[in-house]
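See structure below.
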Amino acid sequence: TLFLADIFLPNSFLRYLWVFITFITGPLGIYFFLEKIIFSNVKNIKQKQVVSFAGALYYMLNLGMVQQFYVQMEMYTTLYGFAPWVFYTATKAMLKGGKNYLWLVIAVFFATPMAYAITVFVSFYVTLFVFTTIVLFSFLIKKNVGVAKRYFCVHAIIIGMSLYWLLPNLYFGFKHSDFVPQSRINA
């Protein structure tokens, strides 16, 4: 997306464009996640929309997020903007499969810049893993075994799309982890 915008906009504006895109997509993702997934069983449509809007507004205006956008670092703004969409598309793919896998691939593709530091991805993935596992068990109780297959597909897609940066990190961890305690940067 930024490559296409680079044709029309000056380079100095691209960072701010990305920050603005993530600032908009985050609350939209939370809104759809709350409305279509979390509150999907609520019959009163107006009530569902108001509560989802309040959740998106809280997501946008809580102090932690305001701090992330006051001094921007792209991996955190990307996490803010696309984590709700990964949660939403992962849950939809688990529940329905089909074309929702494509939406999951798109969401994970746009969320990959958050993996600049592996700790951000690990904390995000552990949270996603716990959430999807809870969803899985709630459907296994209802004897819906098809969700289990889609659960493994969802995690295979996310890990598979992250291998291009995950494998070099794992290689360094296994082969050169003794370099970290021997460093003398701040000694």
Side-chain angles (χ1 to χ4, degrees), residues 1-2 15 18-34 36-38 52 55-95 100-101 103-138 147-148 150-181 183 185-186:
T1 58
L2 291 181
R15 180 174 190 229
W18 181 253
V19 169
F20 181 73
I21 288 170
T22 59
F23 187 72
I24 297 301
T25 58
L28 284 174
I30 285 291
Y31 177 81
F32 286 112
F33 179 67
L34 291 174
K36 308 278 187 201
I37 303 295
I38 302 299
S52 299
L57 198 61
Y58 175 77
Y59 186 69
M60 185 169 68
L61 298 177
N62 77 63
L63 291 178
M65 292 305 128
V66 170
Q67 176 186 357
Q68 292 304 325
F69 285 93
Y70 188 71
V71 179
Q72 303 105 10
M73 187 166 183
E74 282 74 16
M75 68 178 173
Y76 295 118
T77 57
T78 302
L79 176 69
Y80 169 87
F82 293 102
W85 288 104
V86 173
F87 271 78
Y88 173 66
T89 56
T91 309
K92 289 280 280 189
M94 275 182 62
L95 299 179
N100 293 306
Y101 291 125
W103 290 114
L104 176 63
V105 166
I106 292 169
V108 171
F109 174 77
F110 282 110
T112 53
M114 77 174 165
Y116 175 76
I118 193 168
T119 53
V120 174
F121 175 77
V122 169
S123 63
F124 164 75
Y125 185 72
V126 166
T127 306
L128 180 69
F129 181 80
V130 169
F131 175 76
T132 55
T133 303
I134 291 169
V135 171
L136 172 69
F137 284 130
S138 71
V147 174
R150 293 188 295 267
Y151 168 84
F152 289 111
C153 288
V154 162
H155 288 285
I157 288 170
I158 293 169
I159 295 296
M161 289 187 67
S162 302
L163 284 179
Y164 78 94
W165 63 265
L166 193 56
L167 288 177
N169 279 288
L170 292 174
Y171 175 79
F172 178 82
F174 288 123
K175 297 290 185 179
H176 305 291
S177 61
D178 57 330
F179 290 172
V180 176
S183 70
I185 293 174
N186 293 321

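On a predicted model such as this, the values are computed, not experimentally measured, just so you know.
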Exercise for the section: Decide yes or no for W103 and W85: does some side-chain heavy atom of the first lie under 4.5 Å from some side-chain heavy atom of the second? Expected result: no
Fill in the blank from the handout: Nearest heavy-atom contact between M94 and R150 is O-NE, 2.7 Å
Handout entry: Y76 atom OH, neighbour heavy-atom count above 12 within 6.0 Å
Key = no
Practice task
Describe, in one word, how the ring planes of Y125 and F129 are oriented to each other, choosing from parallel (under 30°), tilted (30 to 60°) and perpendicular (over 60°).
Solution key: tilted
Handout entry: Over 12 non-hydrogen atoms of neighbours within 6.0 angstrom of CG in L61
Key = yes
Practice task
Please report the shortest heavy-atom distance between T77 and Q68, naming the atom on each side.
Solution key: CG2-O, 4.1 Å
Fill in the blank from the handout: Heavy-atom nearest pair, M60 first then V66, reads O-CG2, 4.3 Å
Fill in the blank from the handout: CD1 (I158) and CG (L166) are apart, to the nearest 0.5 Å, by 12.5 Å
Problem - Reported OG-to-CG distance for the pair S162 and L167, which is rounded to 0.5 angstrom - result: 10.0 Å
Problem - F137 atom CZ, over 12 foreign heavy atoms within 6.0 Å - result: no
Exercise for the section: Look at the side chain of S138 and the backbone N and O of V135, then say whether any donor-acceptor pair between them is shorter than 3.5 Å. Expected result: yes
Problem - Heavy atoms from other residues, nucleotides or ligands near CZ of F131 exceed 12 (cutoff 6.0 Å) - result: yes
Exercise for the section: Check whether any side-chain heavy atom of V122 lies under 4.5 Å from a side-chain heavy atom of V126, and answer yes or no. Expected result: yes
Problem - Atom pair CZ (F23) and CG (L28), whose distance is rounded to the nearest 0.5 Å - result: 11.0 Å
Practice task
Any chance you could measure Y58, atom OH, to I30, atom CD1, to the nearest 0.5 Å?
Solution key: 11.0 Å
Handout entry: Side chains of M114 and F82 in contact at under 4.5 Å (non-hydrogen atoms)
Key = no
Exercise for the section: Hey, could you give me the OH/CG distance between Y88 and L34, rounded to the nearest 0.5 Å? Expected result: 11.5 Å
Practice task
Of all the heavy-atom pairs spanning G29 and P84, show the shortest one and how long it is.
Solution key: C-CB, 3.6 Å
Exercise for the section: Anything under 30° is parallel, anything over 60° is perpendicular, the rest tilted; go ahead and classify F33 against F87. Expected result: perpendicular
Exercise for the section: Taking the side chain as every heavy atom from C-beta outward, state whether F110 and T25 have any atom pair closer than 4.5 Å. Expected result: no
Exercise for the section: Would you please indicate if the ring centroids of Y80 and W18 are separated by under 6.0 Å? Expected result: no
Practice task
Determine whether Y151 and V154 make a side-chain contact, defined as any pair of heavy atoms from C-beta on separated by less than 4.5 Å.
Solution key: no
Fill in the blank from the handout: The reported gap from CD1 in I37 to CG in L95 (rounded to nearest 0.5 angstrom) is 5.5 Å
Problem - Parallel, tilted or perpendicular: ring planes of W165 versus F121, cut at 30 and 60 degrees - result: perpendicular
Handout entry: Non-hydrogen side-chain atoms of I24 and F20 separated by less than 4.5 Å
Key = yes
Handout entry: For L163 against P168, the heavy-atom pair lying closest together
Key = O-CD, 4.0 Å
Fill in the blank from the handout: Scanning both residues in full, the closest heavy-atom pair of T112 with Y164 reads CB-OH, 3.5 Å
